[in-house]
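Below you'll find the structure, written out as structure tokens, and then a few comments.
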2 protein chains.
Amino acid sequence: MVYLQLKRKRMAKKIKPESDISTEEKIKEAARIVFMKKGFSATRTRDIAEEAGINLALLNYYFRSKEKLFELVMMEKFQAFFGVIFPILNDANSTLEQKVELIADRYITLLTETPDLPIFILSEIRTNADRMIENVRLDKILGESQFVKQLHARRPDMHPVQLIMSILGLVVFPFIMRPILVQSKSTDDKMFNAMMNERKAWIPKWFNSILNAR
Amino acid sequence: MVYLQLKRKRMAKKIKPESDISTEEKIKEAARIVFMKKGFSATRTRDIAEEAGINLALLNYYFRSKEKLFELVMMEKFQAFFGVIFPILNDANSTLEQKVELIADRYITLLTETPDLPIFILSEIRTNADRMIENVRLDKILGESQFVKQLHARRPDMHPVQLIMSILGLVVFPFIMRPILVQSKSTDDKMFNAMMNERKAWIPKWFNSILNAR
DNA sequence: TAATTTTTTAAACATTTGATTAAAATATCC
DNA sequence: GGATATTTTAATCAAATGTTTAAAAAATTA
């Protein structure tokens, strides 16, 4: 009975979208915040309820279980993380250099807004690969991409994955290091963001050097 | 009473080191394995007991609590992770290029043996900064290091942290990506390790290009 | 070998935690 | 405005989980 209401509610949305922020959305937003910060296992449903300012039971009323709610958030974040890069990789009209510029720019912009995104996704994949979206056929997506073809044309002597790891390392790794840097007072938020902004310009240059290195 | 035995045991070791593998060491080793794989929160003391093949109560008998046992493991892993790099950074007799070669070589060797190390450390720092070793004065250690001085001498126009993030990104990030690559069949273990081995030679070259990029 | 100490075990405890229930409050519909 | 449906609440449940206990087993000592 209860869970039928989910469907009903969802259908109702099309007709009459909730005026202001709905309970459902409050919970989802709280889940985003808490799950991202603590990961699945360290998060208690009560944390989410408190963050959302709602009664604990409403979490199960709207989302059935902690697991289901997590899957929802993970799906979203996964989409955000990979959604940025896939379209760029497949663009047939841009050069290799342009793709790298775009990746650096878009990713750094995204991650400056949500710096916890990489650690969240990467550590959840490690902790519980089963709970993860199984069929990211990264091999297919990458293998058939324009980007890989262009990389291979430029450097047939190197495995494209080598170069992809390098560019992602340059772009993403700083955000993974960030907690250490900030905690150890090596940087503060403002300085870190400024550096990341600088990297938007540096990384394409660096990657170009890497492409030409012998 | 019970915990005094800890001391007694430890003292006894000096005189008569346990012949074969002691219960204490069995638990510690199991804790290393399980904590590394699942992180603190997702690990149950029962998991560790099972992995060690010992009675659950022995965990508390020897290590007082899950938390204490975790701290022990974390300290070790932290040491392993940072212990590799710090001596290299401070060597007054090696050039910048030599330091980079050493870092790439030593880190890739270490991480090939324990590929989960970076995700473990970095995600635990995120999840629970309090439970972490607070006083890694990374700012002091880095700031006063030979490496930073050499970086600054070579490229006074760039913040040394920019360059450190880059080299660590090139070295460490592949190991953080590894679960995704392996799960998505983009690589297998053997191929991944082969690529990491190649990187020992490539990264110094790449970093040199980065140092010269304008 | 008897006494004592140390280690191990099975059982239980106290809390935490994800989830459910039944009733109350609120909104919607005719 | 009254009936019905939906949402919210407080209380509770059952299972999981970190930890403790008390007794048994094993090792050590004298």
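Residue numbering restarts at 1 for every chain, and letters A, B, ... go by the order of the sequence lines.
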Checklist entry - Considering residues at least two apart in sequence or located in another chain, which fulfil the ring pair (Phe, Tyr, Trp, His ring centres under 6.0 Å) criterion with F207(A)? => result none

Checklist entry - Has K37(B) got more than 12 heavy atoms of other residues, nucleotides or ligands less than 6.0 Å from its NZ? => result no

Item to check | Interatomic distance where CD1 belongs to I54(A) and P belongs to dT9(D) [whole Å] | outcome: 8 Å

Checklist entry - Quick one: which of dT8(C), dT21(D), dT7(D) gets closest to the side chain of A57(B)? => result dT21(D)

Item to check | Side-chain N or O of T23(A) closer than 4.0 Å to phosphate OP1/OP2 of dT8(D) | outcome: yes

Checklist entry - For the side chain to side chain contact (heavy atoms under 4.5 Å, CB included) test, which of L163(B), L89(B), I164(B) pairs with V148(B)? => result I164(B)

Checklist entry - Counting just side-chain N and O atoms, does Y62(A) come under 4.0 Å of either OP1 or OP2 of dT8(D)? => result yes

Item to check | Any pair counted as salt bridge (charged side-chain N to carboxylate O under 4.0 Å, His left out), so long as it reaches residues 175-185 of chain A, sequence neighbours left out | outcome: R178(A)-D189(A)

Next on the checklist: Tell me the interatomic distance from N55(A), atom CG, to dA24(C), atom C1', rounded to whole angstroms.
Outcome noted: 12 Å

Next on the checklist: Please enumerate all residues that pass side chain to side chain donor-acceptor pair (under 3.5 Å) together with E29(A), with sequence neighbours excluded.
Outcome noted: R32(A)

Next on the checklist: It should be established whether Y61(A) places a side-chain nitrogen or oxygen under 4.0 Å from OP1 or OP2 of nucleotide dT8(D).
Outcome noted: no

Checklist outcome for this item: F147(A) meets the ring pair (Phe, Tyr, Trp, His ring centres under 6.0 Å) criterion, sequence neighbours left out, with none

Item to check | Contacts of type salt bridge (charged side-chain N to carboxylate O under 4.0 Å, His left out), residue R44(B), not counting sequence neighbours | outcome: D47(B)

Next on the checklist: Within the 4.5 Å heavy-atom criterion, are L102(B) and D91(B) side-chain neighbours or not?
Outcome noted: no

Next on the checklist: Just the rounded figure in Å: distance from P of dT19(D) to CZ of R64(B).
Outcome noted: 11 Å

Checklist entry - By a strict heavy-atom criterion of less than 4.0 Å, which residues belonging to residues 31-39 of chain B are in contact with DNA chain C? => result none

Checklist outcome for this item: D116(A) meets the salt bridge (charged side-chain N to carboxylate O under 4.0 Å, His left out) criterion, sequence neighbours left out, with none

Checklist entry - What residues, two or more places apart in sequence or in another chain, satisfy side chain to side chain donor-acceptor pair (under 3.5 Å) together with D105(A)? => result none

Item to check | Whole-Å distance separating the CG atom of L58(A) from the C1' atom of dA25(C) | outcome: 12 Å

Checklist entry - Taking only residues two or more places apart in sequence or in another chain, which ones pass side chain to side chain donor-acceptor pair (under 3.5 Å) with S94(B)? => result K99(B)

Next on the checklist: What is the distance, to the nearest angstrom, from the CZ atom on F70(B) to the P atom on dT19(D)?
Outcome noted: 14 Å

What nitrogen or oxygen pairs link the protein and nucleotides 22-26 of chain D at under 3.5 Å?
none

Checklist entry - Can you tell me how far C1' of dT8(D) sits from CG of L59(A), to the nearest Å? => result 14 Å

Checklist entry - Given atom CG of D47(A) and atom C1' of dA19(C), what is their separation to the nearest angstrom? => result 16 Å

Can you pull every protein N or O that's under 3.5 Å from an N or O on nucleotides 14-18 of chain C?
residue, atom, partner, partner atom, Å
dT17(C), OP2, R44(A), NE, 3.4
dT17(C), OP2, R44(A), NH1, 2.6
dG18(C), OP1, T43(A), O, 3.4
dG18(C), OP1, K66(A), NZ, 3.2
dG18(C), OP2, T45(A), N, 2.7
dG18(C), OP2, T45(A), OG1, 2.8
dG18(C), N7, R46(A), NH1, 2.8
dG18(C), O6, R46(A), NH2, 3.2

Checklist entry - Within this structure, what is the CD1-to-C1' distance between I48(B) and dT19(D), rounded to whole angstrom? => result 14 Å

Next on the checklist: Which residues pass the side chain to side chain donor-acceptor pair (under 3.5 Å) test with E198(B), not counting sequence neighbours?
Outcome noted: Q162(A)

